[in-house]
Amino acid sequence: MMDTFFISHGSPTLSIDDSLPARHFLKSWQQKIFTERPKSILVISGHWETNEPSVNVISGPNDVIYDFYGFPKPMYKLKYPAPGAPELAKSVKELLVDAGFKHVKEDKARGLDHGAWVPLMLMYPEANIPVCQLSVQTNENGTYHYNMGKALAPLREEGVLIIGSGSATHNLRALGRADDGSVIPWAQDFDTWLKESLLNGRHEDVNTYEVKAPSAKLAHPWPDHFYPLHVAMGAAGADAKAELIHHSWSLGALSYASYRFKTPQ
């Protein structure tokens with residue numbers, strides 16, 4: 001039974017910037033964090049927003065999407081040709097439809113956005129594990145995505161590693177230019193609330209974070225990077241125990257807090 005994870009992928013520069021602690025955390029993944037080898041990987045990324053759930057159904061290697069602008073040129077030459085996971089994609093669709101998500105679309109052309117390929121490039125650099133992506137619906141709420149995760153829980157018994165990739169805080173307009181180690185108070189408040197809520201199993205509070213969390217709208221002006229956490233949490237089950245597996249900050253307001261959800265045996 002696979003654990004599920006939420007990874008804060010932060011800035012696209014995670015792909016090349018060795019000064020970021022989160023980069024070293026992800027590079028140590030197979031040795032220190034998760035030694036089991038998954039059969040395939042399902043990534044729910046905050047960078048794929050659709051009106052209805054969508055999965056990418058890719059038979060050959062996944063293309064990478066350079067969905068970022070104005071960054072150093074070497075970043076646009078990076079590749080991550082992990083094989084697609086068409087059978088997993090079809091299982092995802094079937095599970096969601098059976099759970100009441102009536103319309104689930106198949107995208108047979110879309111590759112991996114940087115919310116998927118950047119962390120995976122560090123976690124599994126061999127690029128030899130099949131990868132499928134699932135979109136988020138920003139017109140829905142946290143409970144909707146938690147229920148999406150619940151529907152996908154059976155995949156864990158089949159050796160599928162479910163990863164939500166987003167950001168514990170994500171207000172790009174509030175980022176500072178200097179990275180002196182200080183953290184903006186509202187970002188600290190939200191991040192601490194999230195940690196305490198997850199570690200104490202308060203799933204319902206996290207599902208309704210807009211009314212429960214301090215500075216929720218400042219931490220997430222748009223929910224795209226938070227909903228992947230709800231999917232990962234839901235897939236682990238109501239009794240799952242959360243563990244903070246990494247914590248660092250960048251530019252005063254960007255939290256790289258990442259969590260593991262483990263179901264008691």
Side-chain angles (χ1 to χ4, degrees), residues 1-7 9 12 14-15 26-31 33-50 52-67 78-99 101 104-136 145 148-166 227-229 231-232 234-236 258 260-263:
M1 180 72 78
M2 289 281 182
D3 296 341
T4 69
F5 293 86
F6 172 70
I7 302 297
H9 65 251
L14 184 68
S15 60
L26 291 172
K27 289 179 75 172
S28 74
W29 184 265
Q30 295 184 64
Q31 292 73 37
I33 307 299
F34 195 67
T35 57
E36 298 176 61
R37 180 178 172 83
K39 178 182 175 183
S40 55
I41 301 171
L42 174 63
V43 180
I44 302 90
S45 169
H47 288 281
W48 191 11
E49 302 174 43
T50 58
E52 297 171 328
S54 299
V55 288
N56 71 332
V57 186
I58 304 298
S59 296
N62 277 289
D63 291 328
V64 298
I65 303 171
Y66 303 105
D67 51 342
L78 296 171
K79 302 292 183 184
Y80 191 73
E87 294 304 317
L88 172 57
K90 291 177 182 178
S91 294
V92 169
K93 179 176 180 177
E94 289 173 3
L95 287 169
L96 291 177
V97 170
D98 288 347
F101 294 82
V104 181
K105 295 184 177 180
E106 297 182 15
D107 190 321
K108 297 184 179 180
R110 192 182 193 279
L112 303 177
D113 59 56
H114 82 266
W117 70 261
V118 169
L120 288 179
M121 180 184 70
L122 303 173
M123 298 159 71
Y124 297 101
E126 304 87 357
N128 58 5
I129 300 176
V131 180
C132 170
Q133 265 202 249
L134 172 64
S135 65
V136 296
H145 288 86
M148 179 183 285
K150 286 173 62 177
L152 299 173
L155 296 173
R156 298 166 52 222
E157 300 178 29
E158 301 173 12
V160 178
L161 177 58
I162 299 175
I163 299 173
S165 179
Y227 286 162
L229 180 144
V231 181
S258 297
R260 179 177 191 159
F261 297 97
K262 192 175 187 71
T263 304

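The first residue of the sequence shown is numbered 1, and numbering continues consecutively from there.
In terms of heavy-atom proximity, Ser45 sits nearest to Ala116 at OG-N, 4.3 Å. Taking all atoms of both residues into account, the shortest heavy-atom contact from Val57 to Ala89 is CG2-CB, 3.8 Å. Residues Pro228 and Ile44 approach most closely at CB-O, 3.3 Å, considering heavy atoms. Nearest heavy-atom pair, Glu106 versus Lys93, reported as atom, atom and distance to 0.1 Å: OE2-NZ, 3.3 Å. The nearest pair of heavy atoms linking Leu78 to Tyr66 is O-OH, 2.6 Å. Nearest heavy-atom pair, Pro154 versus Ala151, reported as atom, atom and distance to 0.1 Å: CD-O, 3.3 Å.
Judged purely by atom type and a 3.5 angstrom limit, Glu52 has no side-chain atom pairing as donor or acceptor with the backbone of Lys105. The backbone N or O of Tyr80 sits nowhere less than 3.5 Å from a side-chain atom of Asn62 that would complete a donor-acceptor pair. Side-chain atoms of Thr4 never come within 3.5 Å of backbone atoms of Ile162 as a donor-acceptor pair (strictly under, hydrogens ignored). The backbone N or O of Asp3 sits nowhere less than 3.5 Å from a side-chain atom of Arg260 that would complete a donor-acceptor pair. Looking only at distances, no side-chain donor or acceptor of Asn56 sits under 3.5 Å from a matching main-chain atom of Ile58. The backbone N or O of Ser54 sits less than 3.5 Å from a side-chain atom of Ser135, completing a donor-acceptor pair. Remark: side-chain polar atoms of Arg110 are not paired, donor with acceptor, to backbone N or O of Ile65 under 3.5 angstrom.
With sequence neighbours excluded, no residue forms a side chain to side chain donor-acceptor pair (under 3.5 Å) with Asp107. Residues satisfying the side chain to side chain contact (heavy atoms under 4.5 Å, CB included) test with Pro38, not counting sequence neighbours, are Met2, Ile41, Tyr124, Ile129, Leu161. Qualifying side chain to side chain contact (heavy atoms under 4.5 Å, CB included) partners for Pro130, counting only residues two or more places apart in sequence or in other chains: Ser40, Pro83, Ala85.
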Under the side chain to side chain contact (heavy atoms under 4.5 Å, CB included) criterion, do Val64 and Met121 qualify, and how do the steps go? CA-CA 11 Å; Val64 298; Met121 180 184 70; over 6 Å; no
Kindly determine whether Leu152 and Leu42 satisfy side chain to side chain contact (heavy atoms under 4.5 Å, CB included), including the steps that lead there. CA-CA 10 Å; Leu152 299 173; Leu42 174 63; 3.9 Å; yes
Where do Glu87 and Glu158 land on the side chain to side chain contact (heavy atoms under 4.5 Å, CB included) test, with the steps shown first? CA-CA 12 Å; Glu87 294 304 317; Glu158 301 173 12; over 6 Å; no
Intermediate values then yes/no, side chain to side chain contact (heavy atoms under 4.5 Å, CB included), Val92 and Val160: CA-CA 11 Å; Val92 169; Val160 178; over 6 Å; no
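His9 and His47 have tilted rings, their planes meeting at an angle from 30° to 60° on a 0 to 90° scale.
The distance from atom CZ of Phe101 to atom CG of Leu96, rounded to the nearest 0.5 Å, is 6.0 Å. Taken from NE2 in His114 to CG in Leu120, the straight-line distance is 12.5 Å, to the nearest 0.5 Å. Atom CH2 of Trp29 and atom OG1 of Thr35 lie 11.0 Å apart (nearest 0.5 Å). Summarising the geometry, atom CG belonging to Leu229 is positioned 10.5 Å from atom CD1 belonging to Ile7; distances are rounded to the nearest 0.5 Å.
Considering only heavy atoms from C-beta on, Gln30 comes within 4.5 Å of Pro125 through its side chain.
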